[in-house]
A.B. asks: 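Encoded as structure tokens, here's the structure I'll be asking about.
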Amino acid sequence: MRLDKFICKSTRLDLAQARLVISHQQVLVNQKTITDAAMQVHENNQIELLGERLFARPSQYFMIHKPAGCICSNKDEAYPSVFSAVGLNQNEQLHIAGRLDVNTTGLVLATDDGRWSFSITRPEQHCPKVYQVTLAKPITSKAIKQLEKGIVLQGEAKATLPAVVKALSSTKVELSICEGKFHQVKRMFAATGNRVKALHRQQIADIVLDIAPRQWRALNQQEIDYFS
Ligand code: URA
């Protein structure tokens, strides 16, 4: 882990403040003053700030039920961030593992463990995600076949990986996909000539959303271990 990140993880300092104390020569690693914020350190290194040994806090892992109208970002922008929308006070270390669009609702995972989130989001992982999709027009059997087979999205050369499609009603579908391309679900249905009216994520791998909108909770050890 980078030295500046380690300092954030072990103190109440944010990244900018961590870099400042490093550049002000207030940080020792194994008894040597270090001014390189990017230096790679390990928990076994003896890291001190103004003479006090630092120990990294354990990583944090959360499930959030994202409401519509907020963004998967750390900062409020044109829309509030999902963290402020649900009242999850966080330091800037937390990030979202697999974003949702502003109007998409449902399961979002947040953590300060970059390796854990990468194991969810890296394309080779093919991490399954389950969405409930409300469509503008009834789904056709041709569209189901296209989605199950894989469909070429606008601007892409390769087809999507095969999806699992369960029609819940004529305009409601449960869709499971193992990719996370930009606006993927909306683009998949657009490619079948339909339009997504509402989108909700219910599940990521074995982690199932089980809290009400605008709630959040810490993940349990079993849920964390799915990606460890
Ligand atoms: N696919 C989309 O189109 N939007 C999302 O928010 C998630 C998946």
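Every number for a ligand or one of its atoms is a count from 1 in the order of the listing.
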A.B. asks: Which residue pairs satisfy the salt bridge (Lys or Arg N to Asp or Glu O under 4.0 Å) criterion with at least one member in residues 25-49, sequence neighbours excluded?
C.D. replies: none

A.B. asks: Side chains of Thr121 and Gln125: any donor to acceptor distance under 3.5 Å?
C.D. replies: no

A.B. asks: Answer yes or no: are there more than 12 heavy-atom neighbours, outside Arg99 itself, under 6.0 Å from its atom CZ?
C.D. replies: no

A.B. asks: Which pairs, with at least one residue in residues 135-162 and sequence neighbours excluded, count as a side-chain hydrogen bond (donor to acceptor under 3.5 Å, both in side chains)?
C.D. replies: Glu156-Arg187

A.B. asks: Residue by residue, ordered by chain and number, which ones reach under 4.0 Å of ligand 1 with a heavy atom?
C.D. replies: Leu100, Asp101, Thr104, Tyr131, His183, Gln184, Val185, Lys186, Leu199

A.B. asks: Are any non-hydrogen side-chain atoms of Leu109 and Ile96 less than 4.5 angstrom apart?
C.D. replies: no

A.B. asks: Hey, could you give me each pair passing ring pair (Phe, Tyr, Trp, His ring centres under 6.0 Å) that has a residue in residues 155-174? Not counting sequence neighbours.
C.D. replies: none

